[in-house]
Every structure is written in structure tokens, then in C-alpha cells.
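Some notes on the structure that comes next.
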Amino acid sequence: MIDAFPLTREAALRRWREFLPRVTSYGARRNAVRPPHDDVSRLSPAIRFGLIRPEEIVRDTLDRHTLGRMEKWVQELCWRSYWKGWLEMRPQIWRSWRRRVHELHASLPEEQLARARQVSEGRSGVAVMDRFALELRQTGYLHNHARMWWASFWIHAERLPWELGAEFFFQHLLDADPASNLLSWRWVAGLQTAGKTYLVRRSNLERWCAPSLLADTTGLERLEDGCVTAFVPRDHADLTRHPLTVLGPFCPPLKGRTGLWVHADDLCLEDSPLASCQPVTVAAFTSLSTYRRLGLSEARIQSIHTALTDGLTRAGAHLGCTTLLRDTDSTAQGLAEWVKAERLDAVVALSPYVGPVADALPSIRQALQDMNVPLHLLRRPWDDTLFPWAKSGFFPFWEKAGRWLAFQDSQPCLNLG
Ligand SMILES: Cc1cc2nc3c(=O)[nH]c(=O)nc-3n(C[C@H](O)[C@H](O)[C@H](O)COP(=O)(O)OP(=O)(O)OC[C@H]3O[C@@H](n4cnc5c(N)ncnc54)[C@H](O)[C@@H]3O)c2cc1C
């Protein structure tokens with residue numbers, strides 16, 4: 001099933017070429033949940049790994065259509081950048097979620113933990129929700145609408161902690177993305193936009209689901225309109241906004257032997273500000289022990305491996321240098337050993353986003369500093385432009401992003417970074 005999702009750049013570009021003629025009907029069809037989900041792009045795992053970039057997709061779209069006509073499609077792509085920018089300015093929300101997951105596993109009554117297991121194993125007793133749980137386990141994907149319904153069912157109907165639902169998604173989604181996942185769960189829970197919760201309703205399911213998904217109506221009475229009422233949990237996160245880390249979009253002049261570190265947050269080095277740097281070697285690191293500790297599904301682990309191998313191979317071919325893919329208990333340790341073995345004077349990389357890769361940055365910096373080797377991180381121009389606008393809600397963000405895109409679109413040459 002993992003093959004249904006593009007996990008190499010070539011496959012991602014192929015999927016995008018196939019989907020491009022269909023973007024004109026995206027706005028009208030995107031809400032319908034009809035496996036195998038041809039009405040939506042299913043590009044999210046590829047976008048999540050940076051095998052294909054949102055700015056490339058927006059550029060191709062605006063080359064053929066006006067922004068006004070394609071607004072819904074472009075907006076959805078921008079939601080992703082919005083969530084990422086929002087979380088970059090509030091990294092503590094990611095850390096607090098990780099802490100809460102630990103605490104909940106240790107402190108929740110066994111009865112509630114057992115119910116959480118039942119619901120996530122597709123044994124809740126509501127047939128359509130159980131189908132979604134199994135679809136996620138079997139394919140590593142759920143349609144956006146199904147994610148919203150299922151998260152709402154978990155939080156508001158089952159009254160289970162949103163943090164554990166987000167953990168289940170994080171372990172199984174091939175596109176698992178700290179920002180989109182956590183902040184969407186918070187949004188459904190009513191924590192992200194004050195006074196707004198998302199409530200699952202039978203009439204809405206009947207309107208948008210393929211009839212086959214509702215053929216078994218077991219338990220559906222629990223979701224009758226008006227039956228599921230809002231259950232807004234306590235917010236354990238500190239929402240203080242911090243300034244974005246200042247990172248240049250250009251590669252600094254480098255002296256001596258430089259190594260390029262490739263990671264799973266951005267796997268298109270040959271089309272990035274690092275495309276013209278001249279490293280002597282490129283490396284990427286996996287950590288099976290960490291993936292297992294986080295409970296990632298085998299399909300998710302395999303997807304990381306496939307995408308990393310593809311990104312690393314392309315980077316090595318483009319830059320004409322040796323590559324190394326190594327499994328290690330800690331990225332900091334792997335990087336330090338690589339720096340030593342290759343006698344490197346500096347390491348460059350595209351900056352990882354808030355999430356597991358960036359969590360390793362403090363220990364990476366320390367390990368490299370101990371060896372007197374600087375680490376240079378760059379942010380892509382697209383992110384550098386959009387992230388600062390993600391200060392508050394999506395619509396103020398979109399006002400600025402939409403205006404910027406319309407301006408770029410009016411220029412003879414579309415320059416999105
Ligand atoms: C509870 C919940 C959890 C989610 N977790 C994730 C996650 O971990 N990773 C993830 O990439 N998306 C997540 N989403 C957002 C959205 O569901 C997926 O991006 C989308 O379903 C991916 O399918 P697609 O590529 O076919 O989307 P399409 O409809 O074809 O959209 C194209 C691209 O636009 C972006 N996009 C579309 N809708 C959204 C959205 N609502 N929010 C953010 N980006 C969007 C994605 O990059 C997507 O690939 C979550 C949504 C909810 C409600």
C-alpha cells in the first residue's frame with residue numbers, strides 16, 4: 001500500500017504531472033471522501049519530505065491558471081506553510097506535546113488507555129470510524145475530511161486526550177508532520193481558534209462519504225446531528241510567540257572541506273540555495289532505535305528510509321561527491337563521527353523544521369563545537385517570506401501571502417524562491 005504514495009522525487013513529479021490537469025475541479029471535489037482518493041493529490045508524503053516543494057507546485061499552477069481561479073488549491077498548499085511558520089515561532093508547543101504524551105501514558109487510568117487502544121485499533125463500535133482507523137493503519141494515509149471526523153470523534157465523542165490521538169496519527173501517517181498534525185488536532189479540539197471546535201455529524205458524513213463507507217451503519221446513531229457536543233480540553237501548552245530564528249537564504253562562502261548534511265525535512269537539495277555549494281561529501285542519518293521508541297509503524301519507517309535514500313542519491317549525483325547513509329542512535333554522534341572521518345572544516349544544511357530532526361540541533365551544535373567545526377543552516381526563500389506572516393490566524397496570513405502571490409503572478413517571470 002505504501003507504493004500508492006510517491007516517495008521519490010521522480011514519482012512525486014509524475015504524480016503532480018498527472019494531477020495538474022485536475023486542479024481545476026479540486027475546489028469542488030476536495031471534500032468528497034472516495035477511496036482511492038483521486039479527487040485529491042495524495043502528494044502529502046512527498047511534500048512532507050520535501051521531495052517536491054509547495055513553491056514548485058504553486059509555480060506550475062500559476063503558470064497555467066490565474067490565482068483567482070485556483071485560490072482554493074493554492075490556499076490549501078499555503079495552509080501547510082502557515083502551520084509550519086506558526087509552530088516555528090512557538091516551538092515549545094511541540095515539546096509540550098511530547099511531554100504530555102509521556103505523562104498521559106504514565107498517569108491515565110488503565111481503563112481509558114484501553115479504550116484509546118480499542119478506538120485506534122478500529123474497535124470503537126462505530127463502523128465508519130473503525131474503517132478510517134484501519135485505513136490509516138493499512139495505508140499510512142487518510143483523506144483530510146476523514147482526519148477531521150476521526151479526530152473529532154476521538155476528542156468530542158470518546159472524550160479521549162487529543163495528545164494521544166495526535167500520537168496515533170504521528171506514528172502511522174506517511175505524511176506525519178509536527179506542525180500540520182499537532183495544530184490540526186488542536187484546531188479540532190477547540191484549542192487553536194478560541195471558541196471554535198469541529199464536531200462530527202452524521203448528515204455531514206452522509207453528504208461527503210462514498211456510500212460504501214457507510215454501508216455498515218453500526219454505531220452511527222452516536223453521531224446523529226447534535227449528539228456529539230464540544231468537549232474542550234485544558235490547554236497545557238504555553239502559546240507565547242517567539243521571534244523566528246534569523247537564517248539566511250544564501251550559502252555563506254565556505255573555506256576548506258565542507259560536508260552537506262541531508263535530513264528528512266527537505267530532500268531536494270539540487271533545487272535549493274545549496275545547489276551550488278561545493279561540499280566534498282554528503283551524509284544522511286537514520287535512527288531505527290529512535291523510530292521504534294516513538295512507536296512509528298513499519299510503513300512509516302520504510303517511507304523515511306526510501307525518501308532519504310532518494311534525496312541523498314540525487315544530492316550526491318548533483319554535487320558530484322560521495323554519499324553516506326548511516327543508522328545511528330543519535331544524529332549528533334553520527335555527524336561527529338562523519339566529520340572526523342572526512343576531516344571536515346564545516347557542515348552546511350537546510351534548516352530542519354520544529355520536530356524530531358530539529359530536536360537534535362542542540363546536541364549536534366555541541367558535538368561540532370567541541371570539534372571546532374561550524375554548522376551553517378539556511379532557510380529557503382519561500383519559507384523565509386511566508387513564515388513571518390504566520391503570527392496569528394490563517395486569514396491575516398493569507399491576506400499577505402495571497403497579495404504577494406498575486407504580485408509575483410503579475411510579473412513577467414514568476415519568482416517564488
Ligand atoms: C487531525 C489532522 C491531522 C493532520 N495531520 C497532517 C500531517 O501530519 N501531515 C500533513 O501533511 N497534513 C496533515 N493534515 C492536513 C491534511 O489532512 C493533509 O495535508 C491532506 O489530507 C493530505 O492529502 P493530499 O496530499 O491528498 O491533500 P490535497 O488536498 O491534495 O492537498 C495538497 C497539499 O496541500 C497541503 N494541505 C492540504 N490540506 C491541508 C491542511 N488542511 N493543512 C495543512 N496542509 C494541507 C498538503 O501538503 C497536501 O499534500 C492533517 C489534518 C487533520 C484534520
Side-chain angles (χ1 to χ4, degrees), residues 4-7 12 15-16 18-20 22-23 25-58 60-61 70 72-87 94 97 132-133 135-136 139-156 162-193 197-200 264-265 296 300 303 353-356 382 386 390 394 397-398:
F5 298 94
L7 289 168
R15 165 67 55 81
W16 170 225
E18 281 161 18
F19 192 69
L20 181 54
R22 282 187 274 143
V23 292
S25 56
Y26 176 82
R29 299 165 76 114
R30 59 180 278 272
N31 278 328
V33 182
R34 288 189 281 247
H37 309 301
D38 289 334
D39 297 320
V40 288
S41 71
R42 286 162 295 139
L43 277 168
S44 51
I47 296 175
R48 185 261 169 266
F49 289 120
L51 295 166
I52 184 167
R53 292 278 314 169
E55 55 267 43
E56 284 183 89
I57 300 180
V58 172
D60 288 349
T61 304
M70 286 298 108
K72 197 70 218 165
W73 168 244
V74 174
Q75 238 180 29
E76 290 308 313
L77 289 159
C78 286
W79 262 105
R80 180 177 187 281
S81 299
Y82 165 70
W83 284 139
K84 290 207 97 54
W86 201 93
L87 193 64
W94 160 255
W97 171 70
F132 291 143
E135 181 181 354
L136 174 55
T139 67
Y141 178 83
L142 274 186
H143 184 284
N144 181 57
H145 226 154
R147 296 182 200 207
M148 289 160 63
W149 292 323
W150 200 89
S152 177
F153 173 66
W154 176 280
I155 299 167
H156 302 296
W162 73 268
E163 293 93 336
L164 295 188
E167 183 194 29
F168 170 55
F169 271 27
F170 190 75
Q171 289 170 331
H172 289 271
L173 283 171
L174 300 184
D175 63 29
D177 175 84
S180 292
N181 187 41
L182 285 200
L183 302 179
S184 300
W185 273 88
R186 286 178 53 85
W187 177 79
V188 172
L191 298 174
Q192 196 62 18
T193 312
T197 44
Y198 181 80
L199 298 179
V200 54
D265 280 356
L296 305 194
R300 174 122 144 69
S303 72
Y353 302 110
V354 169
W382 169 270
L386 294 187
F394 179 76
F397 165 88
W398 175 247

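Counting convention: from 1, in listed order, for ligands and their atoms alike. Since the structure is predicted, the reported quantities are computational estimates derived from the model, not experimental observations. Residue numbers count from 1 along this sequence.
- Using a 4.0 Å cut-off between heavy atoms, Phe170 makes no contact with ligand 1 at all.
- A distance-only check finds a donor-acceptor pair linking the side chain of Arg22 to the backbone of Asp38 [under 3.5 Å].
- For Asn181, heavy-atom contacts with ligand 1 shorter than 4.0 Å involve the backbone as well as the side chain.
- Ligand 1 has Leu43 within reach: a non-hydrogen atom of the residue lies less than 4.0 Å from it.
- Of the protein's non-hydrogen atoms, the one nearest atom 30 (O) of ligand 1 is Ser41 OG, 2.6 Å.
- For atom 14 (N) of ligand 1, the nearest protein heavy atom (residue, atom name, distance) is Arg147 NH1, 3.5 Å.
- Taking any N or O of Ser184, backbone or side chain, none lies under 3.5 Å from an N or O belonging to ligand 1.
- Interface of Met148 with ligand 1, defined as ligand atoms under 4.0 Å from a residue heavy atom, comprises 53 (C).
- Between Trp150 and Phe168, the angle of the ring planes lies from 30° to 60°, which puts this pair in the tilted group.
- When each atom of ligand 1 is checked for a heavy atom of Leu77 under 4.0 Å away, the hits are 33 (C), 34 (O).
- Classification of the His143-His37 ring pair by plane angle, with boundaries at 30° and 60°, yields tilted.
- Within the listing of ligand 1, atoms 30 (O), 31 (O), 32 (C) sit less than 4.0 angstrom from a heavy atom of Trp73.
- For Trp97 and Phe170, the ring centers are positioned less than 6.0 Å apart.
- Where the criterion is an N or O separation shorter than 3.5 Å, residue side chain and backbone included, Arg42 meets it with respect to ligand 1.
- The protein heavy atom nearest to atom 47 (O) of ligand 1 is Arg80 CD, 3.4 Å.
- Considering backbone and side-chain N/O atoms, Asp177 comes within less than 3.5 Å of an N/O atom of ligand 1.
- With Tyr141 as the aromatic partner, Arg147 meets the cation-pi criteria of under 6.0 angstrom to the ring centre and within 45 degrees of the ring axis.
- We find that Lys84 and Asp265 are not joined by a salt bridge, their nearest charged nitrogen and carboxylate oxygen being 4.0 Å or further apart.
- Phe397 and Tyr82 have tilted rings, their planes meeting at an angle from 30° to 60° on a 0 to 90° scale.
- Look at Tyr26 and you'll find a heavy atom under 4.0 Å from some atom of ligand 1.
- Residue-level proximity to ligand 1 for Trp187 is absent, since no heavy atom of it falls below 4.0 angstrom.
- A 4.5 Å side-chain heavy-atom check between Ile47 and Ile52 finds at least one atom pair inside the cut-off.
- To the nearest 0.5 Å, atom CD of residue Glu167 and atom CD of residue Glu163 are 10.5 Å apart.
- Ring geometry for His145 against Tyr198 counts as tilted: the plane angle lies between 30° and 60°, on a 0 to 90° scale.
- Looking at atom 23 (O) of ligand 1, its nearest protein heavy atom turns out to be Tyr141 OH, 3.1 Å.
- Scanning all protein heavy atoms for the shortest distance to atom 36 (N) of ligand 1 gives Glu76 O, 3.3 Å.
- Atom 19 (O) of ligand 1 has its closest protein heavy atom at Ser44 CB, 4.3 Å.
- Atoms of ligand 1 lying under 4.0 Å from any heavy atom of Trp185, numbered from 1 in the order shown and given with element: 1 (C).
- Considering Asp177, Asn144, Asp175 as possible partners of Ser44, the one that fulfils the side chain to side chain donor-acceptor pair (under 3.5 Å) test is Asp175.
- Every atom of ligand 1 is numbered from 1 in the order shown, and the set under 4.0 Å from a heavy atom of Ala176 is 8 (O).
- Here the heavy atom of the protein found nearest to atom 7 (C) of ligand 1 is Asp175 OD1, 3.3 Å.
- Checking only distances, Asn144 does come within under 3.5 Å of ligand 1, N or O to N or O.
- Looking at atom 42 (N) of ligand 1, its nearest protein heavy atom turns out to be Trp83 NE1, 3.7 Å.
- Smallest separation of non-hydrogen atoms from Ala166 and Leu182: CB-CD2, 4.2 Å.
- Aromatic ring pairs are classed by plane angle as parallel below 30°, tilted from 30° to 60° and perpendicular above 60°; the pair Phe19 and Trp16 is tilted.
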